[in-house]
Amino acid sequence: MKEVISNIIKDVIRKRGLPEVNFSLEPPKNKNFGDLSANCALLLAKAAGRNPREIAAVIAADLSAYDEYFSKVEVAGAGFINLTLNEKIYLGVLDEILSKGGNYGKSDANKGRKANLEWVSANPTGPLHAGHGRQVCLGKAIASLMEWSGYEVTREYYYNDAGNQMNNLAKSVYARYMQLYETDFPFPEDGYHGDYIKDYAKRISEEKGDSLKNSDDLSYFKNFAEKRNFDRIKSTLETLGINHDVFFSETELYKNKDIENLLADFNSKGASRVEDDAVWLIMDRKRFQKDKVIVKSSGEPTYRLPDMAYHINKIKRGYDFIVDIFGSDHGDTYKEVLYGVETAGYKTEGIKVIIHQMVTFRSGNESVRMSKRSDNVYYLDDLIKDVGADATQFFFVMRAANTHLDFDIELAKEQSDKNPVYYLQYAHARISGIFRNAAENFSDEVLRKQFNHALLATPDAIELLKVLSGFPDEVESVAASLEPHKIISYLNQVAESFHKFYHNNRVLNADDIETTVARLRLCEAAGTVLRNGFGIIGISAPERM
RNA sequence: GCGCCCGUAGCUCAGUCGGAUAGAGCAACAGCCUUCUAAGCUGUGGGUCGGACGUUCGAAUCGUCCCGGGCGUACCA
């Protein structure tokens, strides 16, 4: 819709012999200024050194001729052109929503393009903790946003199973196992303290007795724990409706020699050097403080080298768009990884990295501590159990990724109007209620009647339609920025205008079938947009509450 | 010290490729249920947009500096 209007304005500008400008066309903050406001005259005036209002007046006069589109065109302020769209445009949008249904809002802007989204990527050293939830839920929403904009999306999970952390995991389980037999057996200093480790040790002891007491090779412990950890991680993800297409293991990159070859490549390019028995990647001092170790003096690569090889692997798989989601604790390291990828001769323009800030949890006024050291960690499972999958998803996606998130567990649990997720869902439940009542009180024949658009010309109905008509533009712009929290702001507008409409416009009325049928269609459209939006951010659309 | 992110109403936050009178939810206050779910609607109060300077017709938005908070600054990931 915006595009159509924008093209009309561009035509008018061209026909007047004025230069092409990249102007903005946005709904003004103040509704009294109309539906859309263009700043083209201000920009043209700047370029031509003329009075903006003069130019605006010329363009506005030409636009007035398009009266099938505009009911009002006026010049305001410093030279804005304010447009009020013809109501017929909006009534036409209703037909579009009804016919497209679950596809209304999808765009083919990226049709035929393949994208890879990598997220979660927690190493299988333990269950996901509540803080992981932000990335988990953000990624879920971003993946569907990308699909709505036309991408074919591969959801991918990368995990480091070759390095130190997995050795620590094995040592930790082994130590807990040994402690079942020798209470003073030492626990590794940087071992994993969670209760789940003790549980694994107990189960191993039950299965194997003390036959593994003098193991030199801890791979049984490692494999046992890794498998259980992954099972639990996957089941947590499943409760949120997340299923990755690819689980990519670091070990793979050793097996297929990608890491070895990359190291040789750096060496042959003179991009790396050896110091203190370690291999260092030579970094550009303008961007980095110092060189970075890629192979430790022990001979083991640091996480950076496999990460670089992994990103090259993804590039080679032929994606048009590669997106990574990391926490802010990786804010510097991803730059090092991309630098390595560039140094190896690959372009990184197609890679976008989303960094999200950390989460703090509180319960009302009490802060909830997330200690990694203690045995009792607040796991993501626990959070989902406490507040439900919908509230979990909603609260994590509600805020922009690059701001700190303050997660109020008490509020998320609240089954009342205080909880922001219910405002949206309630709108949908109300619509479902109307349709339940309609089915009871009216025959199918009546409900399927052709409807008369003109009967929807009340201010609340038109306002609702205006909001609904903005959905495709909204999805497209949010998909371009990959900021799903904006969908929530938009859905709030939908819910608000629906609630208003509902309050002032009785839908079901046996004495006025014509209006009933027309209003039902509008409700159907509102329900469709809510459902589609909920689908993007990943929450359910309840039939009743 | 250096790098990245943040600082907007009492609270949690939108708005940030410069645009008109800075918004929402919660909290506070005043109203609205014999009619499709009041988890709703209507109205009121509430702001030196962390601070200072600068750029310009115009700054919450851009620049510089300062203050405050988070995360980095490993031969951990």
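A, B, ... follow the sequence lines: proteins, then strands. Residue 1 opens every chain. These numbers were taken from a predicted model, which means no experiment stands behind them.
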Below 4.0 angstrom from OP1 or OP2 of [N], is there any side-chain N or O of [X]?
| X | N | value |
| --- | --- | --- |
| Tyr334(A) | rG72(B) | no |
| Lys296(A) | rC76(B) | yes |
| Arg304(A) | rC75(B) | no |
| Tyr422(A) | rC26(B) | no |

Mind checking who [N] pairs with, Watson-Crick or G-U wobble, both distances under 3.5 Å?
| N | answer |
| --- | --- |
| rC62(B) | rG54(B) |
| rA24(B) | rU12(B) |
| rC4(B) | rG70(B) |

Query raised in the report: Do Asp460(A) and Lys500(A) pass the salt bridge (charged side-chain N to carboxylate O under 4.0 Å, His left out) test, and can you show the C-alpha distance, the side-chain angles, and the key distance before you say yes or no?
Result: CA-CA 7 Å; Asp460(A) 295 307; Lys500(A) 246 176 231 179; over 6 Å; no
Query raised in the report: Do we count Phe80(A) as stacking onto rA20(B) if the rule is ring centres under 5.5 Å and planes under 30°?
Result: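 Base of rA20(B): stacked against Phe80(A).
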Query raised in the report: If you measure from the ring centre of Phe33(A) to the centre of the six-membered ring in the base of rA20(B), is it under 5.5 Å, with the planes under 30° apart?
Result: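 Check passed, Phe33(A) stacks on base of rA20(B).
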Between [N] ([atom2]) and [X] ([atom1]): distance, integer Å:
| X | N | atom1 | atom2 | answer |
| --- | --- | --- | --- | --- |
| Asn164(A) | rA77(B) | CG | C1' | 9 Å |
| Lys292(A) | rG72(B) | NZ | P | 13 Å |
| His132(A) | rA77(B) | NE2 | C1' | 11 Å |
| Leu411(A) | rC11(B) | CG | C1' | 11 Å |

Query - Whole-angstrom distance between rG18(B) and rG46(B), as gauged at atom C1' - result: 27 Å
Query raised in the report: Rounding to the closest angstrom, what is the interatomic distance between rG7(B) and rC17(B) at atom P?
Result: 14 Å
Query raised in the report: How does each nucleotide of nucleotides 1-7 of chain B score, in 5' to 3' order, for protein heavy atoms under 4.0 Å: base (B), sugar-phosphate only (S), or none (-)?
Result: BB-SBS-
Requested in this report: Using the ring of Tyr339(A) (Phe, Tyr or Trp, six-membered ring only), decide whether Arg304(A) places NZ or CZ under 6.0 Å from its centre and within 45 degrees of its axis.
Outcome: no
**Report entry** Base rC75(B) paired with Thr302(A) side chain (donor-acceptor, <3.5 Å)
**Finding:**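 In this structure, the two groups form no donor-acceptor pair.
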Query raised in the report: Do Thr348(A) and Glu342(A) have side-chain N/O donor and acceptor atoms under 3.5 Å apart?
Result: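 Judged by distance alone, the side chains do pair up.
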Query raised in the report: Can you find a side-chain donor-acceptor pair between Gln165(A) and Asn160(A) that sits under 3.5 Å?
Result: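 No pair is found: no donor N or O on one side chain lies under 3.5 Å from an acceptor on the other.
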Query raised in the report: With a 4.0 Å cut-off on heavy atoms, is Thr360(A) in touch with a base, just the backbone sugar-phosphate, or nothing at all?
Result: nothing
